[in-house]
Colleague: 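Next up is a structure, given as C-alpha cells.
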2 protein chains.
Amino acid sequence: MTDVAREAGVARVTVSRVISAPESVAPVTRAAVEAAIARLGFVPNLNAGTLASSRSRIVGALVPTLSNAWFADTIDGLSVTLSAAGYQLLLGQTRYDTREEERLVDAFIGRRVDAMVLTGTQHSSGVRAKLQRAGIPVVECWDLSDSPIDTVVGFSNTAAGAAVARHLLARGCQRLGFIGAQEHRSSQRLQGFREAAKEIGISNVAVQLVQPPSSVDDGARSLEALIAAQPALDGLFCSNDTLALGALMACRHNKWVVPQRIAIAGFSDLPVAAASVPALTTVRIESRELGERTGSLLVQRLRGETENSPRVHDLGFKLVVRESA
Amino acid sequence: MTDVAREAGVARVTVSRVISAPESVAPVTRAAVEAAIARLGFVPNLNAGTLASSRSRIVGALVPTLSNAWFADTIDGLSVTLSAAGYQLLLGQTRYDTREEERLVDAFIGRRVDAMVLTGTQHSSGVRAKLQRAGIPVVECWDLSDSPIDTVVGFSNTAAGAAVARHLLARGCQRLGFIGAQEHRSSQRLQGFREAAKEIGISNVAVQLVQPPSSVDDGARSLEALIAAQPALDGLFCSNDTLALGALMACRHNKWVVPQRIAIAGFSDLPVAAASVPALTTVRIESRELGERTGSLLVQRLRGETENSPRVHDLGFKLVVRESA
DNA sequence: ATGAAAGCGCTAACAT
DNA sequence: ATGTTAGCGCTTTCAT
C-alpha cells in the first residue's frame with residue numbers, strides 16, 4: 001500500500017479510502033490511485049484491515065455434514081446471499097459431534113468472524129457462553145427454540161412429525177414405524193409423530209435408529225429389520241428422504257407394494273423424491289431459502305439496520321402428498 | 001495476550017509460544033500460562049497471527065455450486081482433511097461464471113489463503129496469473145489438464161464419455177443422444193462420447209444442452225425434446241445423474257421402456273442412482289475421495305514435505321452397469 | 001478533501 | 001528456556 005501511495009503521489013490513508021470509501025475521495029485523486037493500484041497489481045491485505053478495524057467481513061457457518069443435500073442447499077443459499085453483500089464464508093463440519101462443534105466455534109471466534117451460523121438449536125453451554133461473550137450475531141437454523149442464543153431461522157420439527165402421523169393415520173394406517181438418524185432434529189420429528197399418534201390412541205411406534213449421516217442402505221436395512229420384528233407394519237415415517245428412498249428400495253426387493261402394503265413418507269423433499277417410483281410423499285423444507293433468509297437477516301444486522309426483528313423466524317414446512325403415502 | 005502475560009508473570013512471547021509451540025516452554029511456565037489463559041478465557045486473535053507470520057492456515061476452495069451433490073461431497077472430503085490438519089476452509093461458489101471466479105480469487109488472495117482449490121481446469125488468464133503471482137499451492141480438480149496451474153487431481157472426462165459410448169454401442173444402440181449442461185466438463189464428456197462413436201462409424205449424436213446447474217426437470221424435458229426430433233433414439237448419455245433421473249422419469253410418463261426402447265446412462269453415481277427404477281447405469285466418480293486427496297496433497301505441500309509428487313493425479317472412474325443401459 | 005500519528009495483537013529474529 | 005525489539009499492513013482519530 002505504501003508503494004501504491006508513492007506511485008500515486010498521495011498518503012497511504014488516501015489509498016485506503018479509495019478502496020473502502022471511494023466517494024470520500026476527489027475524482028482526480030481517486031483516478032490516480034486506481035491507476036496506481038492497477039499498474040502494481042495491488043491486492044489489499046484483508047487480514048491487516050481486520051486487525052485494524054476489528055471487522056473481518058467473514059461469517060462462520062457450521063453444519064453437521066455437506067453430504068446431506070439439504071444442508072448443502074442451505075449453505076448454497078447462505079453463501080450466495082453473503083457473497084452478494086461482500087462477506088466471505090468460513091465453513092466447518094461438526095460431524096454431529098458436540099466437541100467438534102465447540103472446537104470449531106473457538107477456531108472461528110479466533111478468526112474474529114463477524115457472525116456465526118449454527119445448525120440446530122441444541123448446543124453445549126460452552127458454545128453458548130463463547131458465542132455470547134463474542135458478542136456477535138448468531139443464527140441457529142433448521143429448528144425452532146424457546147431459548148435461542150440470539151436468532152433462530154427454521155421450522156418446527158415436532159409439528160412436522162405430527163403432520164406426517166396425522167396423514168398416515170388419515171389414510172388408514174394402524175401400525176406405525178419410524179426410521180431416523182440418532183440426532184436431535186430427527187428425535188424432535190419422532191416426538192411429534194408419537195404425540196400425534198397417541199392422540200388418536202395409537203401409542204406404539206416401532207422405531208429403528210441409525211448413525212448419522214444416513215444412507216440409502218441404512219433405510220433399506222432398517223425397514224427390513226422393522227418388518228422382521230413387526231410384520232403388520234403398514235405406515236412408515238423416515239426422518240429424511242435418503243432413508244425413505246432406501247425403504248422404497250427394500251419394498252421393491254421384497255415385493256411389498258407401496259402404499260397398499262405399507263405407506264411411506266420421507267422428509268425434506270429432495271429433487272429426486274418426485275422422481276422415485278412410487279413418487280415419494282414427504283415434507284418439503286425450503287433448505288435453500290432457509291440459508292438465504294439466514295444470510296439476509298445477518299447482513300441486515302451487520303449493517304446495523306437493527307430493526308427490532310423477531311428472534312424466531314418460522315419458515316414452516318409443507319406436507320407433499322405423492323404416491324408412496 | 002498482554003493480560004495473559006501479566007496474569008502469568010511472563011513475557012508476551014512466552015504466551016505466544018505456549019499456544020503455538022508448547023514443547024518449547026518449560027512445563028512449569030507452561031502450566032502457569034495455560035491457567036492464566038483459562039482464567040481469562042483468552043482466545044488468540046488468529047488474524048494478528050496471520051499478519052505477523054504471513055501464514056493464515058486458511059485454504060480457499062471454489063466450486064460452481066454446492067447444490068450438486070458431487071461437489072458438496074468433494075468439499076466435505078476436503079474440509080475433513082484440512083480440519084484434521086488444523087486448516088480452515090473459506091468457501092466460494094462461482095455459479096459457473098468466469099468473472100465471479102476471478103472476483104473470488106481476488107478476495108481469497110486478499111485474505112492471504114495459504115492454498116487454493118479450484119474446480120475444473122479451465123480458468124481465465126487473469127485467474128492463472130493472480131494465482132501464480134500469489135505463489136501458493138493450487139489444486140485444480142474434477143478434470144485433467146496438459147497445462148495445470150500447479151497440481152491437478154481428477155480424471156479424464158473425455159475418456160469417461162468414450163467409455164459410455166462404447167458401452168451403449170456394445171449393447172446394440174444405433175442412434176445416440178446426449179443431454180448435458182453447458183459447461184466445460186460436460187463438453188469434454190460429450191467430446192469423448194462423440195469420438196468413440198465415430199470410431200465405429202456413428203457420427204451423428206443428437207444433443208440437447210441445458211443451463212447449469214441441471215435439474216431433474218431439465219432431464220425430463222430434454223429427453224422429450226430429443227425424442228420429438230429423433231424418434232428412433234435408442235441410446236442416451238446424460239452428463240450427470242440428475243439429468244439421467246429426469247430422463248428416466250420422462251420415460252415412465254411416456255411409457256418408453258428402459259433399456260429396451262432406449263438405454264440411458266448417467267454420470268457420477270449418486271447414492272440414489274442404485275435406488276432408481278430401473279437402476280441407473282452410470283460412471284462412478286469418487287467425489288469425496290477426490291476432496292480428501294486434494295486436501296492431503298495440500299497439507300503435505302504446506303508442511304513443506306515437498307516430495308517431488310507428480311503434478312497430475314488421475315483418480316480414474318468406473319463404469320457401473322446396472323439396469324438402465 | 002487529504003494527511004500525520006498511533007495502534008490493532010500478534011510473531012520473527014535476535015539476544016540473554 | 002525466556003525476554004527485547006521491531007514490524008506485519010492496514011484503519012482510526014484527529015488535524016489541516
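Model, not experiment: these values are computed from the prediction. Residue numbers begin at 1 in each chain, while the letters A, B, ... track the order of the sequences.
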Colleague: Distance check needed: C:dG3 P versus A:Arg6 CZ, whole Å only.
Modeller: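 Atom CZ in A:Arg6 sits about 15 Å away from atom P in C:dG3.
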Colleague: I need the single residue from B:Thr74, B:Asp76, B:Asp73 that forms a side chain to side chain donor-acceptor pair (under 3.5 Å) with B:Arg288. Which is it?
Modeller: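 It is B:Asp76; the other options fail the test.
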Colleague: A:Arg55 near the nucleic acid: base, sugar-phosphate alone, or nothing, with a heavy-atom cut-off under 4.0 Å?
Modeller: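 Sugar-phosphate contact only - A:Arg55 comes under 4.0 Å of backbone atoms but never of a base.
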Colleague: Tell me the interatomic distance from B:Leu51, atom CG, to D:dA6, atom P, rounded to whole angstroms.
Modeller: 18 Å
Colleague: Return the value, rounded to whole Å, for the distance between atom CG of B:Asn45 and atom P of C:dC8.
Modeller: 12 Å
Colleague: Taking any heavy-atom pair under 4.0 Å as a contact, classify B:Thr29: base, sugar-phosphate, or nothing.
Modeller: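 If one applies the 4.0 Å heavy-atom cut-off, B:Thr29 turns out to touch the sugar-phosphate alone, with no base involved.
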Colleague: Let me spell it out: for each of A:Asn47 and B:Thr14, pick the nucleotide of DNA chain D with the closest heavy atom. Which residue's pick is nearer the 5' end?
Modeller: B:Thr14
Colleague: The side chain of A:Val10 is closest to which nucleotide in this list: C:dC10, C:dG3, C:dG7?
Modeller: C:dG3
Colleague: Would you indicate what A:Arg30 reaches in the nucleic acid, counting non-hydrogen atoms under 4.0 angstrom: base, sugar-phosphate, or nothing?
Modeller: nothing
Colleague: How is A:Ala48 classified with respect to the nucleic acid when contacts are heavy atoms under 4.0 Å: base, sugar-phosphate, or nothing?
Modeller: base
Colleague: Quick check on DNA chain D: between B:Arg17 and A:Thr50, whose nearest nucleotide comes earlier from the 5' end?
Modeller: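 Result: B:Arg17.
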Colleague: A side-chain contact here means heavy atoms from C-beta on lying under 4.5 Å apart; do B:Asp143 and B:Val152 qualify?
Modeller: no
Colleague: Can you tell which of C:dT11, C:dG3, D:dT11 lies closest to the side chain of A:Ser53?
Modeller: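 So the side chain of A:Ser53 is nearest to D:dT11.
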Colleague: Could you tell me whether A:Val25 contacts a base, only the sugar-phosphate backbone, or nothing, with contacts defined as non-hydrogen atoms closer than 4.0 Å?
Modeller: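 If one applies the 4.0 Å heavy-atom cut-off, A:Val25 turns out to touch the sugar-phosphate alone, with no base involved.
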Colleague: Which of these nucleotides, D:dC8, D:dA1, C:dA6, is closest to any side-chain atom of B:Ala26?
Modeller: D:dA1
